Amino acid sequence: MLPAWSLLTIDKLDRLRLRKDNGLVRDVFQQQHMLEMQGPMGIGHVRYPTAGSSSHEEAQPFLTNYPLGIGVAHNGNLTNTDELQSSLKYSNFRHVNTDSDSEVLLNVFAESLTNELLEAKSSKNSTKPFRMQDVVFAAMEKVMTSCEGGYAGCYLINGFGLVGFRDPNGIRPLVFGVRKSGGGQLGDVVEKATGASNSTNLPDSPRSIPAEDELDYCIASESVAIDTLGFKLVRDVRAGEAIFIDLEGNCHSKMVHANPKHTPCIFEYVYFARPDSIMDGVSVYEARLNMGEKLAEKILRHFGENHNVDVVIPVPDTSRTSALQTAYRLNVPFREGFMKNRYIGRTFIMPGQEKRKKSVRLKLNTIRREFEGKNVLLVDDSIVRGTTAGEIVQMARDAGAKNVYFSSAAPPIRYPNIYGIDLPSQKELIAFERNEKEIAVKIGCEWVVYQDQADLEESVNMAIPQHMEKFDGFDCSTFDGLYVTGQRMGDEYFTKLHSLRNDNAKSTRNFVSSPSILGGADSPTMPKQTLDKLVVDDRKLSKSPQEELDHATRVLEKRRITLPSF
């Protein structure tokens, strides 16, 4: 499953400049490419697929020319994509060219903005002056009303500005920051930009800032991006809020949903966020320390002070913070027993069980001295399929561990995530219909201890600053199966989700979308009926990649189409 990176800018002539491709940022963007991406405003996106295929054609930002020229980059998943796509096609006559829900989100906004602009134009003789922010916020109200799921991101509007938005449940994170244009100290400029220094609100009216106090703005999914680029973190975008930054540097904000609830995805704190991030005012590092403390307390409740643990070893990298505090609370040494190869990506999103197993061995290597003759407690942030856990347990045994225990800073993952985290289909989750003893047998360790969900929630709540309001709750759907947007297990939605997310479906989808198969510079264009045949036959494809290739070759040979050499 290939990551993708892309960037969209608008230059001084209002021309859109876009570059996208599969691969890591350092591979896709080199100096000559950056020199071509001119303009005072832009949006970028790093993607691993949770909907659609791995083709770079589905990499964000997506573009539409009408109205004005709009781009979108977003994080998350829409849960009513099929309904929205049908409405766009048959009611609004808009074409959606990919399977990506990002393109749907783009067209919903574009259609809403078109209608608002036409209405503003028809009432141009009104005494009420035209303000672009009013048009943008009216369009965003329709987006928030129409689009269900977890999403946060940015729209770029050619000739007008940038729009940041966050879904009404605040599931996916979004923050923004400022810096002084041209460098220098911010001083009191942030107060001019945001109101009083202790305020969490932005004024809804434009501001006139002297040229020497002009600000640059940055909107990102994590505060580390704000920090590393030299911006000052202002605050999180609130659930159901839209922020519009116009080309003059004025910043406008409005709550565009009538009944927002703040229920962030708790898995962001467990795994996805960097430990140096601040999300919704919460230090991710502090939350993970609390998780480690709570995990140790549960181990002590189960086994007492005679827990028989000689050493605590983290599974790199995310669990390191929790493991450190677990060791401290258990009063046993904390040691680094695994060295990580940083050129191997995240294994839990890789398609195919065998590929994941091989990648674990390539990704980690043991320091034998820390394992030999010891009772080792391994701490990981979570256990998804159990592939990584099982391989790591075996690696610990191969390194000479006397006994191997395994603990997870998160509760058992028993349900799929539908808001933008690419967890597998339910039946592929190791905790599905298994208890802790059965899971221990499955991964080959002496015992497994999971974090309790109540303790996980408390770990994050404890890290909320005193001056901030408590959250309305958390999205813990991967642990308890309760979805804040109302879906229920057994719905047709989950049947379709399983058909898209299981390993065989992912392998087939990525195979069919491969540029080397569906045409390249040296291969003929594949007729539509051939592609249809491949899609129809994908259920019959064997699990072996070579057998899949042989099958596709036979299908194509019937139509006298030759596959390019590999």
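Just so it is clear, the values below take in all heavy atoms, side chains as well, and ignore hydrogens, waters and symmetry mates. Treat the numbers as computed from the prediction; the structure is a model and nothing was measured. If you read the sequence from its start, that first residue is 1, and numbering goes on from there.
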Roughly how far, to the nearest 0.5 Å, is [atom2] of [Y] from [atom1] of [X]?
X: Leu162; Y: Ile43; atom1: CG; atom2: CD1; result: 7.0 Å
X: Phe62; Y: Asp101; atom1: CZ; atom2: CG; result: 9.0 Å
X: Ser221; Y: Arg166; atom1: OG; atom2: CZ; result: 11.0 Å
X: Leu63; Y: Ile70; atom1: CG; atom2: CD1; result: 10.0 Å
X: Glu222; Y: Phe272; atom1: CD; atom2: CZ; result: 10.0 Å
X: Leu16; Y: Asp11; atom1: CG; atom2: CG; result: 8.0 Å

Quick one: sort the Phe474 and Phe471 rings into parallel, tilted or perpendicular, breaks at 30° and 60°.
perpendicular
With under 30° as parallel and over 60° as perpendicular, where do the rings of Phe479 and Phe267 fit, or are they tilted in between?
tilted
Is it the case that atom [atom1] in [X] sees more than 12 heavy atoms from other parts of the structure closer than 6.0 Å?
X: Lys470; atom1: NZ; answer: yes
X: Arg15; atom1: CZ; answer: no
X: Lys142; atom1: NZ; answer: yes

Output yes when a side-chain donor or acceptor of [X] lies under 3.5 Å from a complementary backbone atom of [Y], and no otherwise.
X: Gln426; Y: Phe432; result: no
X: Ser277; Y: Met279; result: no
X: Asp167; Y: Asn169; result: yes
X: Asp280; Y: Val282; result: no
X: Asp491; Y: Gln487; result: no
X: Asp480; Y: Leu482; result: yes
X: Thr9; Y: Met41; result: no
X: Asn80; Y: Ser146; result: yes
X: Ser181; Y: Glu214; result: yes
X: Asn417; Y: Tyr419; result: yes

Within a strict 4.5 Å, meaning less than it, do heavy atoms of the [X] and [Y] side chains meet?
X: His45; Y: Leu8; result: no
X: Val143; Y: Tyr155; result: yes
X: Ser477; Y: Tyr415; result: no

Between Glu241 and Lys254, is the closest basic N to carboxylate O distance under 4.0 Å?
no
Regarding Lys261 and Asp472, does a basic nitrogen lie under 4.0 Å from an acidic carboxylate oxygen?
no
Result block: side-chain N/O donor-acceptor pairs under 3.5 angstrom for residues 83-90, not counting sequence neighbours:
none

Ring centres under 6.0 Å, that's the criterion: do Phe176 and Tyr217 meet it?
no
Would Thr114 and Arg94 count as a side-chain contact (heavy atoms from CB on, under 4.5 Å) here? Give the steps.
CA-CA 12 Å; Thr114 299; Arg94 283 186 170 270; 3.6 Å; yes
Among His252, Glu116, Arg131, exactly one meets side-chain contact (heavy atoms from CB on, under 4.5 Å) together with Phe137. Which residue is that?
His252
Residue among Val72, Leu18, Leu7, Leu156 satisfying side-chain contact (heavy atoms from CB on, under 4.5 Å) with Pro61:
Leu18
As a quick check of understanding, evaluate salt bridge (charged side-chain N to carboxylate O under 4.0 Å, His left out) for Asp227 and Lys232, giving each step before the final call.
CA-CA 7 Å; Asp227 299 336; Lys232 179 182 173 80; over 6 Å; no
